[in-house]
Amino acid sequence: MIKLLYRIYQLFIAAPLCLLATLITAVAVIVGCSLGDGHFWGYYPGRLWSRFIIRVLFLPVTVEGREHLEKDQSYVFVSNHQGAFDIFLIYGFLGRNFKWMMKHQLRNMPLVGKACEAAHHIFVDKRGASRIRQTYEQARQTLRDGMSLVVFPEGARTFTGHMGQFRRGAFMLADELQLPVCPLTINGSFNVKPRTKDRYWVFWHPLRLTIHAPIHPVGHGAENIKHAEEESYRVIMQDLVSEYQGYVENPDQ
């Protein structure tokens, strides 16, 4: 009965409110970034939008580890990718201004793609060597400007709740600019919106974001990249609930 009532609430109340909030946020970002501070308008409307969507769906959120972050330090944040609600959880509750690295296909989403472009989020385009170079040069410039990045190094949402492989791009950027890598563990997002189940509905489940201690460079080059990648994978995996512990191959990678 509760599940049925929650679905009726989603259909007639939450969905229209979320759609309206998305439209307002996208317009605010596009207009704000064209007229004013892109770092402000590229982050704060999205943060409010994410928190609104989480709250309107009554999803409880726990955040741990904010004390690990230094105020004026840029980070390369790397996170497991459990599902669509990873976006809302990180955007709304990380508490840090940043730019996303996201799939280039998201550029085609009505209004949202334009808003992400206006906010100077980074579209990862692997359709040719020149586009790959352009993607990483934009990421480098973002980090040089003192902004942080958030990357899903798996590159794709999980089908099972388990982690797949990490790609090295984020760790190579961190090594090149000698920046700390900060691992993030997301729990609950897969339960809220599984990739392979009932695509139109949200399932009530608590969400937890863990901000781990940053991994500082231990040198420069291949060994530092390997250290940051392996240590990030280890600490993120270690903090997953037992149900999703262990590597499972992701065919979408």
Side-chain angles (χ1 to χ4, degrees), residues 2-3 5-7 9-11 13-22 24-26 28-29 42-69 71 75 77-102 112 116 119 121 148-154 157-158 160-163 182-195 197-214 232 235-245:
I2 294 176
K3 181 178 178 180
L5 290 174
Y6 190 46
R7 289 194 171 184
Y9 168 77
Q10 287 182 51
L11 182 62
I13 299 177
L17 287 174
C18 290
L19 178 60
L20 180 61
T22 300
I24 292 171
T25 301
V29 171
Y43 171 67
Y44 287 99
R47 182 187 182 196
L48 292 173
W49 166 72
S50 296
R51 293 173 77 94
F52 175 80
I53 287 176
I54 293 283
R55 297 310 188 199
V56 83
L57 289 166
F58 305 120
L59 301 173
V61 171
T62 302
V63 181
E64 302 172 351
R66 282 207 190 104
E67 69 276 5
H68 291 138
L69 303 181
K71 183 178 179 182
Y75 295 98
F77 292 100
V78 294
S79 173
N80 60 314
H81 203 1
Q82 282 207 331
F85 274 73
D86 300 346
I87 307 296
F88 305 125
L89 185 58
I90 293 176
Y91 220 157
F93 297 92
L94 179 59
R96 198 78 172 197
N97 200 336
F98 64 87
K99 302 299 183 186
W100 291 102
M101 290 191 74
M102 59 181 67
V112 172
C116 291
H121 295 305
S148 294
L149 283 180
V150 173
V151 184
F152 296 115
E154 292 168 275
R157 289 172 293 153
T158 177
T160 63
H162 295 260
M163 284 169 58
C182 186
L184 307 173
T185 301
I186 290 174
N187 279 293
S189 179
F190 182 76
N191 303 83
V192 169
K193 194 70 175 165
R195 188 171 180 181
K197 180 181 178 183
D198 288 347
R199 61 181 291 193
Y200 298 108
W201 301 107
V202 169
F203 296 85
W204 187 93
H205 195 280
L207 294 164
R208 177 162 60 89
L209 174 66
T210 304
I211 304 166
H212 298 283
S232 295
V235 298
I236 293 171
M237 176 74 78
Q238 183 176 279
D239 197 55
L240 286 172
V241 296
S242 58
E243 181 182 0
Y244 301 126
Q245 289 278 335

Give me the atom names and distance for the closest heavy-atom approach of [X] to [Y].
| X | Y | value |
| --- | --- | --- |
| Cys18 | Ile53 | SG-CG1, 3.8 Å |
| Thr25 | Pro45 | CG2-O, 3.5 Å |
| Val150 | Trp100 | CG1-CZ3, 3.4 Å |
| Gln10 | Pro16 | O-CD, 4.2 Å |
| Met163 | Ile236 | SD-CG2, 3.6 Å |
| Tyr44 | Asn97 | CE1-ND2, 4.4 Å |

Is there a donor-acceptor contact under 3.5 Å from the side chain of [X] to the main chain of [Y]?
| X | Y | answer |
| --- | --- | --- |
| Gln245 | Leu240 | yes |
| Trp201 | Arg7 | no |
| Arg195 | Arg157 | yes |

Is it true that Phe88 and Phe93 have ring centroids separated by less than 6.0 Å?
no
With rounding to the nearest 0.5 Å, note down the distance linking [atom1] in [X] to [atom2] in [Y].
| X | Y | atom1 | atom2 | result |
| --- | --- | --- | --- | --- |
| Asn187 | Glu243 | CG | CD | 10.0 Å |
| Ile54 | Trp49 | CD1 | CH2 | 10.0 Å |
| Tyr9 | Ile13 | OH | CD1 | 6.0 Å |
| Phe77 | Ile211 | CZ | CD1 | 7.0 Å |
| Cys116 | Met102 | SG | CE | 4.0 Å |
| Ser50 | Asp86 | OG | CG | 11.5 Å |

With sequence neighbours excluded, what pairs up with His162 under the side chain to side chain contact (heavy atoms under 4.5 Å, CB included) test?
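If we apply the side chain to side chain contact (heavy atoms under 4.5 Å, CB included) test to His162, skipping adjacent residues, the hits are Thr160, Tyr244, Val248.
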Min side-chain heavy-atom separation [X]-[Y] under 4.5 Å:
| X | Y | result |
| --- | --- | --- |
| Phe190 | His205 | no |
| Trp204 | Pro206 | yes |
| Leu11 | Tyr200 | no |
| Leu89 | Leu59 | no |
| Val192 | Leu57 | no |
| Glu154 | Asn80 | yes |
| Leu209 | Val61 | no |

Anything under 30° is parallel, anything over 60° is perpendicular, the rest tilted; go ahead and classify Phe152 against His81.
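Phe152 and His81: parallel rings.
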For the residue pair Phe98 and His121, categorise the inter-ring angle as parallel (less than 30°), tilted (30 to 60°) or perpendicular (more than 60°).
tilted
Ile90/Ile186 under side-chain contact (heavy atoms from CB on, under 4.5 Å): CA gap, chis, key distance, verdict:
CA-CA 9 Å; Ile90 293 176; Ile186 290 174; 3.8 Å; yes
Near Ile2 CD1, under 6.0 Å, is it more than 12 heavy atoms from other residues, nucleotides or ligands?
no
Pair Asp239 + Arg208, salt bridge at N-O below 4.0 Å:
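Here Asp239 pairs with Arg208 in a salt bridge, since their nearest N and O are under 4.0 Å apart.
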